[in-house]
Amino acid sequence: MFYGTLRRAISRIEPLTITLSCVGILVAYYIGIYATGAIHSPSRWLGAALACTSFVTVMQAPDYKTSLRPSMMRIVGTFVGALIAYIYLRMFHFSVVGMILTVFLLEALCMFLGIYKESRIATITLIIIMLVSHMFSEENPALNCVLRFSESAVGVGVGLALRWLVERWTKFREHLMHRGRKEDGEHLSHETMPMRWGHYRIVAITSLGQLTGGALSTLVGVVIPLMQALTHRTLSPLNQGLVASMSLVGIMFGSVIIGSWSDRRGYLPLFRLSPIIIFIGAVAASFTSSLGLLIFWLFVMGFGVGGGYSLDSDYISELMPNRYKELMVGVAKAASSLGNIAMAFVCYYILSHWQGNDSWNGLFLLVAILAVVMILYSIRFTQSPQWLFARGRVQEAEDALHQLLGEDVDLAVASNPTPEECVQQAKTPSSTATQLRRAIFSGMPWACEGFGVYGMGVFLPLMVMRLGLGEGAQGTLEHVSSSVEITSYINLFVGMGFLLGLILLGRKRYVAQQIGGFVLSALGIGVLALGYMLHLAHWVMIVGFIIYNIFLNAGPHLITFILPSKIYPVCERGEGAGIAAAFGKAGAVMGVFLMPLMMGWGGMELVLGVEMGVLLLGAVVTALFSDVMPREEGVFNQR
């Protein structure tokens, strides 16, 4: 009973609405700060407060049409209030009695004009004008009144604009929710129907795990040099490897354990549990500076992220229309690049405003925020319809599908195994040789890709320092900040690589795309190595990074996430995807653990040489074991 009450209470929280409100406040704040600051810097904070207050007042209305007239009346009332304040301040200095008298006069005029209900922000504006005149007596009264009126009007304008956008978005979403609905009431098959709002919602929610995983890996790469610069100046290469790899060890265990449990217990309970685990680990890590405890809580966070990895592609591959299935799985994987990019830029912004304290662990609260968003959205999610059907719970499967995609959608049961077939598969599993080849084909290239994506990705700020691309004295906060800035811009090409990969997915030549990605990213490492060893211009090394990031993410980083859903049947998909993800994270663990050690053993020459060899190994394994792919999706197959 308590759980049900708590779930209903949490389900009333609208993360998107909260996010839009925060964006509106941020816009109003910055306009208030910079518009006022350019003219009268001392009063810019009060200007920002007034702009934000005006925005919040407008957002109280239920819709754009309802808020339009009251908002206009607020602007009129604010103008009247500013005019009254100006007249008073031209004749008298500030006094409490004078402030009360001007408020009395303003509210009387608003009643006379019939806009009293909308005059709250006008009264607030007048009071702030009077207080600013007292705090900064040298400011011209006319300038004071014009600035405060402008700030209030800006807040109202931002609120109206956001209200209009939300209303347009709501109508567009309503259109998407019923897309493809037939007038005669005939039901649609979930495999052949057009994309609806429910499909995009599924992709967005399941992509949050990938986004959080990417953000966590980038954050760990920022934290390590911060620890060296601020609190752990003698952090050894071994300890660097342990800190960097422990979240990946957690991902490896989480993907296998939660993936296996999901096949037996259902996706939904574990889909909700995974972000809770991430949240606990992130909050705990933000309050510890102990190296041992940090390593433990990184493992906990990784375990939760790994659980999400094993379920994300399953939900998408089971619920998307056949025409868009691989594309949407790829989109979910590409969300990890958004996590990389966003976290890098956020960390750079924080470091550029760093106050010199040693609270690097507080950065993990950024991961906790992402986990909270995941929790809120998972509460509204449902069990996998195909998982329910495969276990004979047909009515529950239909209800879940209707909740996700609409009442006029039917589960395409012809393509799904029946409960009896699932039981038979459990009794007569595939041959050991077939299962082994599937595991090698989906897992080994993922391990090779993970070795580079995480090995070089996590230590990218340190690699930038070692390559001599950063600025500032070594071991200083300035040096760390400079390397994080360069990392942020390099990570932009991760997103570009995923975009290229998504475009190429339409050709359905998955194996060829993966092999080509491995080979071309190895070429990028070669360019980077030549630039470093021959002491060429810095832009040569940057070009090497760009080639590497684009083709590694357009090829193996994207395709390895798709392949498990192509080669494993539904009854084994969760466990199969978990095993493949575990291979990937095992490679990632090796990469991040060995990276600082290799830097010590043989410098950047050894690091780049090993990375090139691992990438080429991934290409070879993909080619040798590609026969486990369905015939219609082989190496050279066209659509």
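Since the structure is predicted, the reported quantities are computational estimates derived from the model, not experimental observations. Scope of the values below: all heavy atoms of this structure, side chains included, with no hydrogens, waters or symmetry mates.
A donor-acceptor pair shorter than 3.5 Å cannot be found between the side chains of Tyr532 and Glu605. Donor-acceptor pairing under 3.5 Å is recorded for the side chains of Thr622 and Gln514.
Annotation: the span from Leu327 atom CG to Ile316 atom CD1 amounts to 10.5 Å, rounded to 0.5 Å. Rounding to the nearest 0.5 Å places CD1 of Ile202 at 10.5 Å from CD of Glu318. Trp446 contributes atom CH2, which lies 5.5 Å from atom OG1 of Thr560 (distance to the nearest 0.5 angstrom). The CG atom of Asn340 lies 12.5 Å from the CD1 atom of Ile490; values are rounded to the nearest 0.5 Å. Between the CG atom in Leu469 and the CD1 atom in Ile542 there is a gap of 5.0 Å [rounded to 0.5 Å]. For the atom pair Lys333 NZ and His557 NE2, the distance stands at 3.5 Å (nearest 0.5 Å).
Nearest heavy-atom pair, Met598 versus Val610, reported as atom, atom and distance to 0.1 Å: SD-CG2, 3.8 Å. Taking every heavy atom of both residues into account, Ala400 and Leu388 meet most closely at CB-CD1, 4.1 Å. A pairwise comparison of heavy atoms in Val458 and Pro461 identifies O-CD, 3.6 Å as the closest pair. Leu616 and Ala522 get closest at one heavy-atom pair: CD2-CB, 3.9 Å. Taking all atoms of both residues into account, the shortest heavy-atom contact from Pro556 to Phe518 is CB-CZ, 3.5 Å. The minimum heavy-atom distance between Leu411 and Pro385, with the atom names listed, is CD2-O, 4.1 Å.
Scored by the side chain to side chain contact (heavy atoms under 4.5 Å, CB included) test, Asn322 finds Glu191, Lys325 as partners (sequence neighbours excluded). The ring-ring contact (aromatic ring centres under 6.0 Å, His included) test applied to Phe551 returns no partner, not counting sequence neighbours. Evaluation of the ring-ring contact (aromatic ring centres under 6.0 Å, His included) rule for Phe364 yields no partner, not counting sequence neighbours. Partners of Tyr489 under the ring-ring contact (aromatic ring centres under 6.0 Å, His included) rule, at least two apart in sequence or in another chain, are Phe345. Residues forming a salt bridge (Lys or Arg N to Asp or Glu O under 4.0 Å) with Glu396 (at least two apart in sequence, or on another chain): Arg393. With sequence neighbours left out, the salt bridge (Lys or Arg N to Asp or Glu O under 4.0 Å) criterion links Asp410 to no other residue.
A donor-acceptor contact shorter than 3.5 Å is absent between the side chain of Thr192 and the backbone of Leu188. Looking only at distances, no side-chain donor or acceptor of Arg437 sits under 3.5 Å from a matching main-chain atom of Val628. In this structure, Asn553 contributes its side chain and Asn549 its backbone to a donor-acceptor pair below 3.5 Å. Between the side chain of Tyr377 and the main chain of Val372, no donor-acceptor pair closer than 3.5 Å is present. Under the 3.5 Å distance criterion, the side-chain polar atoms of Glu611 are left unmatched by any main-chain donor or acceptor of Met456.
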Criterion side-chain contact (heavy atoms from CB on, under 4.5 Å) on Val607 and Arg466, from CA distance to verdict: CA-CA 11 Å; Val607 168; Arg466 287 293 189 97; over 6 Å; no
side-chain contact (heavy atoms from CB on, under 4.5 Å) evaluation trace for Tyr315 with Leu404: CA-CA 11 Å; Tyr315 264 117; Leu404 289 169; 5.7 Å; no
side-chain contact (heavy atoms from CB on, under 4.5 Å) assessment of Thr206 paired with Phe271: CA-CA 9 Å; Thr206 54; Phe271 187 69; 4.1 Å; yes
Criterion side-chain contact (heavy atoms from CB on, under 4.5 Å) on Val527 and Val540, from CA distance to verdict: CA-CA 7 Å; Val527 172; Val540 175; 4.1 Å; yes
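Taking 4.5 Å as the limit, every side-chain heavy atom of Met246 sits out of range of all side-chain heavy atoms of Trp297. The side-chain heavy atoms of Val249 and Leu298, taken from C-beta on, include no pair separated by under 4.5 Å. When side chains are defined from C-beta on, Arg201 counts as touching Arg380, because their heavy atoms get closer than 4.5 Å. Taking 4.5 Å as the limit, some side-chain heavy atom of Pro321 sits within range of a side-chain heavy atom of Met195. In this structure the side chain of Trp601 reaches within 4.5 angstrom of the side chain of Leu606, judged on heavy atoms. Between Gln240 and Gln228, some side-chain heavy-atom pair lies under the 4.5 Å cut-off. Residues Leu370 and Ile278 have side chains not in contact (no heavy-atom distance under 4.5 Å, counting atoms from C-beta outward). Residues Leu268 and Arg272 are in side-chain contact: their nearest non-hydrogen atoms beyond the backbone lie under 4.5 Å apart.
Around the CZ atom of Phe279, the shell of radius 6.0 Å holds no more than 12 heavy atoms that belong to other residues, nucleotides or ligands. By the 6.0 Å contact criterion, CE on Met590 is open, its count of non-hydrogen atoms from other residues, nucleotides or ligands being 12 or less.
No close placement of the Tyr267 and Phe381 rings is indicated, their centers lying 6.0 Å or farther apart.
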